[in-house]
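I have placed the structure first, in the form of structure tokens, so that the comments after it can refer back to it.
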There are 2 protein chains.
Amino acid sequence: MSTDDSLRLDRQLCFPLYAAARAMVQAYAPLLEKLGLTYPQYLVMLVLWEEDGVSVKVLGERLFLDSGTLTPLLKRLETQGWVRRERSTEDARSVRVSLTTSGRALKRKAASVPEAMSCRLGMSLEEVTRLRRDMRRLFEVLSK
Amino acid sequence: MSTDDSLRLDRQLCFPLYAAARAMVQAYAPLLEKLGLTYPQYLVMLVLWEEDGVSVKVLGERLFLDSGTLTPLLKRLETQGWVRRERSTEDARSVRVSLTTSGRALKRKAASVPEAMSCRLGMSLEEVTRLRRDMRRLFEVLSK
DNA sequence: CGCAATTAAATTGTGCGCAATCAATTTTGG
DNA sequence: CCAAAATTGATTGCGCACAATTTAATTGCG
């Protein structure tokens, strides 16, 4: 029998996950465009709005991204004027990423983004919470 | 109050979704490396193993990818010897993508991949089914 | 028929992601 | 104190993704 059911596209969990993640990034795009941010840049800004002046290493730990992704992304954020990058004086290996005044101010404009997305989803808080928990568990299983 | 809770990273649904999707692709990588495929290439092969000789357009419809992604990817699959690309004779705008003998044979080696992943997940079939349904619904909401 | 509108791929340009490697710095163990 | 190991970022190279544009072919309509 040629048809191995386990290889059918509609049997996969990976594909809807992959497609949903891409659709999510695309759904954010028009909202973030108003802020001059891409989705990964938005994630970096979320971290910095919570804890300013962290190293590239810490950003990478929070977002599970490496320096190969973050270094050029941060340079773009710097060019756009949202962040500053400077070598640490205590440990010259480390690069400290800090918000500029504009970068801090951008948080106010960004405040409408989560609300807009939650409207878009049209799900109850409970449902979003459950999905978030599921995604975290999936991540845990897949990343070890 | 500076701290708008709605912008906290741990409040987002998008981030675990994004992280899980990337972790999933990484989890597939060592399995697919044995086959000489990347994850998106594997998705294309899943479609072709189900229906051989489809156009780039159909591949795009199945996988929600556009020609900007598929054209170079298919050229790489062709270089690797898994597929053939040829202009349709009925409609010269269309490009028909067909499996080579090797490409068809690769399906046997790929058969172990879904099983390996399902072991990795360590979830019940019911749970996988529920998650898949959730991801599809999320995709539907986000892609319209 | 003839031509505008549509369709299918390919191309171009930008921005991730990530493996692998490298350079600079710091830490550590003898 | 000093050489080896570890740490931190940057760089390089490749493969997606996707928007926007281009090219070529087909369709539809007056």
Side-chain angles (χ1 to χ4, degrees), chain A residues 14-15 18-30 32-33 36-45 54-61 63-80 83 85-97 139 142-143, chain B residues 14-15 18-30 32-33 36-45 54-80 83 85-97 142-143:
Chain A
C14 62
F15 175 55
Y18 173 73
R22 285 188 292 125
M24 180 276 295
V25 171
Q26 285 185 61
Y28 268 96
L32 296 179
E33 194 181 20
L37 295 174
T38 64
Y39 178 74
Q41 289 168 7
Y42 173 65
L43 290 182
V44 168
M45 294 302 282
V54 295
S55 63
V56 174
K57 173 184 161 64
V58 167
L59 281 173
E61 285 169 355
L63 301 175
F64 310 106
L65 291 170
D66 72 4
S67 70
T69 300
L70 287 173
T71 298
L73 185 156
L74 290 168
K75 284 180 179 173
R76 285 184 285 269
L77 284 180
E78 189 172 42
T79 301
Q80 310 254 349
V83 308
R85 293 159 63 247
E86 43 203 356
R87 288 276 162 190
S88 164
T89 46
E90 313 96 61
D91 187 340
R93 292 171 304 179
S94 178
V95 168
R96 186 183 185 72
V97 183
F139 174 78
L142 289 169
S143 65
Chain B
C14 62
F15 175 54
Y18 173 74
R22 287 188 292 123
M24 180 274 294
V25 171
Q26 286 185 61
Y28 269 95
L32 296 178
E33 195 183 18
L37 295 174
T38 65
Y39 179 73
Q41 291 169 5
Y42 173 66
L43 290 182
V44 168
M45 294 302 282
V54 295
S55 64
V56 174
K57 174 183 160 66
V58 167
L59 281 173
E61 285 168 356
R62 297 276 187 284
L63 300 176
F64 311 106
L65 292 170
D66 71 4
S67 70
T69 301
L70 287 174
T71 297
L73 185 156
L74 291 168
K75 285 181 179 172
R76 284 185 285 271
L77 283 181
E78 189 172 41
T79 301
Q80 310 253 348
V83 307
R85 294 158 63 246
E86 42 204 358
R87 287 278 161 191
S88 164
T89 47
E90 314 96 62
D91 187 341
R93 290 171 303 180
S94 178
V95 167
R96 185 184 186 70
V97 183
L142 289 170
S143 64

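The chains referred to below are lettered A, B, ... by the order of the sequence lines, with proteins before strands, and numbering in each begins at 1. When reading the values below, keep in mind they use all heavy atoms of this one structure, side chains included, and skip hydrogens, waters and symmetry mates.
Residue A/Met24 contributes atom CE, which lies 11 Å from atom P of D/dC18 at whole-angstrom precision. Here the P atom of nucleotide C/dA9 and the CD atom of B/Glu86 are 13 Å apart, to the nearest Å. What separates CZ of B/Arg22 from P of C/dC16 is a distance of 12 Å, to the nearest Å. Atom-to-atom, CG of A/Asp66 to P of C/dG15 comes out at 18 Å; the value is rounded to the nearest Å. Note: CG (A/Leu65) to P (C/dA19) measures 11 Å, nearest angstrom.
Taking CZ from A/Arg96 and OG1 from A/Thr89, the interatomic distance works out to 8.5 Å, rounded to the nearest 0.5 Å. Put simply, CG on B/Leu65 and CG on B/Leu43 are 7.5 Å apart, with the number rounded to the nearest 0.5 Å. Here the CE atom belonging to B/Met45 is positioned 11.0 Å from the OG1 atom belonging to B/Thr38, to the nearest 0.5 angstrom. Here B/Leu74 contributes atom CG and B/Gln41 contributes atom CD; the two are 9.0 Å apart, rounded to the nearest 0.5 Å. Atoms CG and CZ, from B/Leu70 and B/Arg85 in turn, are 10.5 Å apart once rounded to the nearest 0.5 Å.
The two residues A/Cys14 and B/Tyr28 have their closest heavy-atom pair at SG-OH, 3.4 Å. For the pair A/Tyr42 and A/Leu37, the tightest heavy-atom approach, listed with the atom from each and the gap, is CA-CD1, 4.1 Å. The shortest non-hydrogen separation linking B/Ala20 to A/Leu142 is O-CD1, 3.8 Å.
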Is there any protein nitrogen or oxygen under 3.5 Å from a nitrogen or oxygen in nucleotides 10-16 of chain D, and what are the pairs?
{"unit_1": "D/dA10", "atom_1": "OP1", "unit_2": "A/Arg85", "atom_2": "NH2", "d": "2.9"}
{"unit_1": "D/dA10", "atom_1": "OP2", "unit_2": "A/Thr71", "atom_2": "OG1", "d": "2.5"}
{"unit_1": "D/dA10", "atom_1": "N7", "unit_2": "A/Ser67", "atom_2": "OG", "d": "2.8"}
{"unit_1": "D/dT11", "atom_1": "OP2", "unit_2": "A/Lys75", "atom_2": "NZ", "d": "2.6"}
{"unit_1": "D/dC16", "atom_1": "OP1", "unit_2": "B/Thr38", "atom_2": "OG1", "d": "2.7"}
{"unit_1": "D/dC16", "atom_1": "OP2", "unit_2": "B/Gln41", "atom_2": "NE2", "d": "2.7"}
{"unit_1": "D/dC16", "atom_1": "OP2", "unit_2": "B/Arg76", "atom_2": "NE", "d": "2.7"}
{"unit_1": "D/dC16", "atom_1": "OP2", "unit_2": "B/Arg76", "atom_2": "NH2", "d": "3.1"}
{"unit_1": "D/dC16", "atom_1": "O5'", "unit_2": "B/Arg76", "atom_2": "NH2", "d": "2.9"}

Polar pairs (N or O, both sides) under 3.5 Å between protein and nucleotides 26-28 of chain C?
{"unit_1": "C/dT26", "atom_1": "OP1", "unit_2": "A/Ala92", "atom_2": "N", "d": "3.2"}

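With DNA chain D read from its 5' end, the first of the two nearest nucleotides for A/Gln26 and A/Val58 is the one closest to A/Val58.
The side chain of B/Ser55 contributes no N or O atom lying less than 4.0 Å from OP1 or OP2 of C/dA8.
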